[in-house]
Amino acid sequence: MASVAELKERHAAATASVNSLRERLRQRRQTLLDTDVEKYSKAQGRTAVSFNQTDLVCCRTLQGHSGKVYSLDWTPEKNWIVSASQDGRLIVWNALTSQKTHAIKLHCPWVMTCAFAPNGQSVACGGLDSACSIFNLNSQVDRDGNMPVSRVLTGHKGYVSSCQYVPDQETRMITGSGDQTCVLWDVTTGQRISIFGGEFPSGHTADVLSLSINSLNTNMFVSGSCDTTVRLWDLRIASRAVRTYHGHEGDINSVKFFPDGQRFGTGSDDGTCRLFDMRTGHQLQVYNREPDRNDNELPTVTSIAFSISGRLLFAGYSNGDCYVWDTLLAEVVLNLGTLQNSHEGRISCLGLSSDGSALCTGSWDKNLKYYLAPSTDAPGLQSLTDPLV
């Protein structure tokens, strides 16, 4: 039997071999990429979007949670937002009036994700209880004012980090989990339809933290993981990942499909956002910020979203910044974290309304902020129609 010293030596040799292979792969990928979006755009004489503080205004602060806000989602009708907080509640808001229409007390306060159903009549949430709970907003509350759970999806062996309804399908949902898998559910019966990863060799090797469904081809979705990779899945082929995307050097906290359905963005603990081509697997662009002046470490990227045209990338950071990137030029055109009435803590989540005219951000400061482009003449959210090259 090998001694402890021999095992340590073998482990060190294996680690060195893996690191060497990774570096060779990185160099090989680099030789295949002759340019990126930024270099190509500059070569074409493109200039960055003109964007100033008046093009995106914080209209109101949504106050009501007593704990850190961890997740938010918009209903397809732009006026409604659901937020999840570690005060153990889901709150449904009318974003235009700041009115709370529902405050749902959860059985497990350690909630990590929430989502609106496509019809706006139900909300779902998941967290450390390893389950996804669904609430019908039309249900009658009990005598204590609590809303009953209409369905609980159980089967994950780890926390539920993300959940998303399949667009235009109230009966289908996909969840991501700390058990390294994603699951497609039949919401009506509560049964698992397909499992993505797990025992299959092409699955993630660490916790799944985020997922995004392609709204133009709802059979396809991507998942981001602590294994630093993104994987593309086909709902019709659950046995293996279609493709694996490399490039990040830290946990991938957020993935989001680009509006054209052919690309997707990522945000990571390594402090970068990245843009990938879904079909070729190539990394098209890195959105890399400078370290904070008072700290040599890069703030982590917690959440991302694209404008309707895709010309803007919104990225929330752990230090409270919210960058607005020009996706073509890889330049920051605005930092919402420096504006008056900005968040006082980590940006944990963000999202755009379905028509692209409003942005909502959630934070560990217990609040949500509602930003609006004051007119369609502003270059901010709705009127950017310049497609990505």
Side-chain angles (χ1 to χ4, degrees), residues 29-57 212 214-216 222 230 245 247-248 254-268 270-291 298-299 301 303-317 321-339 350-353 355-359 371-389:
R29 290 194 196 98
Q30 201 63 36
T31 61
L32 295 174
L33 296 174
D34 57 352
T35 188
D36 57 24
V37 172
E38 176 193 0
K39 293 175 183 176
Y40 178 84
S41 299
K42 288 181 177 178
Q44 298 297 310
R46 306 298 288 270
T47 57
V49 172
S50 176
F51 206 91
N52 58 59
Q53 298 182 8
T54 61
D55 291 328
L56 198 57
V57 178
S212 178
N214 190 335
S215 60
L216 299 183
V222 288
V230 176
Y245 305 84
H248 279 294
S254 184
V255 290
K256 190 70 66 174
F257 264 103
F258 196 75
D260 67 359
Q262 300 300 324
R263 288 157 276 210
F264 62 86
T266 57
S268 169
D270 64 16
T272 69
C273 301
R274 297 172 190 248
L275 185 68
F276 292 88
D277 187 292
M278 182 184 74
R279 297 159 296 182
T280 65
H282 287 174
Q283 179 178 285
L284 302 176
Q285 187 61 55
V286 180
Y287 304 93
N288 201 354
R289 60 175 289 165
E290 296 297 324
L298 286 171
V301 183
S303 50
I304 64 168
F306 289 103
S307 64
I308 286 292
S309 68
R311 185 63 189 271
L312 298 179
L313 169 64
F314 300 87
Y317 293 85
D321 285 340
C322 183
Y323 278 12
V324 184
W325 290 91
D326 182 315
T327 53
L328 286 181
L329 279 300
E331 294 180 13
V332 178
V333 295
L334 184 65
N335 178 8
L336 299 180
T338 62
L339 303 184
L350 56 79
L352 268 77
S353 60
D355 69 350
S357 65
L359 170 75
Y371 295 87
L372 190 66
S375 73
T376 55
D377 295 328
L381 297 172
Q382 193 172 10
S383 63
L384 275 176
T385 56
D386 189 9
L388 187 70
V389 293

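No side-chain donor-acceptor contact under 3.5 Å links D321 to the backbone of G337. Listed for the R46 side chain is no donor-acceptor partner under 3.5 Å among the backbone atoms of L328. At least one donor-acceptor pair closer than 3.5 Å links the side chain of S353 to the backbone N or O of A358. For D277 (side chain) and R263 (main-chain N/O), no donor-acceptor pair under 3.5 Å exists by modelled atom type. Side-chain atoms of S254 do not come within 3.5 Å of backbone N or O of G267 as any donor-acceptor pair. Using modelled atom types, one side-chain atom of D270 and one backbone atom of T272 make a donor-acceptor pair closer than 3.5 Å. For Q285 (side chain) and E38 (main-chain N/O), a donor-acceptor pair under 3.5 Å exists by modelled atom type.
Between V333 and V49 the shortest heavy-atom distance is CG1-O, 3.5 Å. Contact between P259 and S309 at its shortest, heavy atoms only, is CG-C, 4.2 Å. Heavy-atom minimum distance, W325 versus A330: CZ3-O, 3.4 Å. In terms of heavy-atom proximity, K256 sits nearest to A305 at CG-CA, 4.4 Å. For D355 against I308, the heavy-atom pair with the smallest separation is O-CG1, 3.6 Å. Scanning all heavy atoms of the two residues, the minimum distance from L313 to T327 falls at CB-CG2, 3.6 Å.
Contacts classified as salt bridge (Lys or Arg N to Asp or Glu O under 4.0 Å) and involving residues 322-338 (residues at least two apart or in different chains) are given here: R311-D326.
Using a 4.5 Å heavy-atom cutoff, the side chains of R274 and S268 are not in contact. Between K42 and L329 there is a side-chain heavy-atom pair separated by less than 4.5 Å. You'll find the side chain of L275 reaches within 4.5 Å of the side chain of F306, heavy atoms only.
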* Asked: What's the verdict on side-chain contact (heavy atoms from CB on, under 4.5 Å) for M278 and F257, showing C-alpha distance, side-chain angles and the deciding distance?
  -> CA-CA 9 Å; M278 182 184 74; F257 264 103; 3.6 Å; yes
* side-chain contact (heavy atoms from CB on, under 4.5 Å) evaluation trace for T266 with V255 -> CA-CA 4 Å; T266 57; V255 290; 3.8 Å; yes
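Here the straight-line distance linking atom OH of Y323 with atom CZ of F314 works out to 15.0 Å at 0.5 Å rounding. One finds the OG atom of S212 at 7.5 Å from the CG atom of N214 (value rounded to the nearest 0.5 Å). Once rounded to the nearest 0.5 Å, the distance linking CG of D260 with OG of S215 reads 9.5 Å.
In this structure, the ring-ring contact (aromatic ring centres under 6.0 Å, His included) partners of F264, at least two apart in sequence or on a different chain, are Y245, F276.
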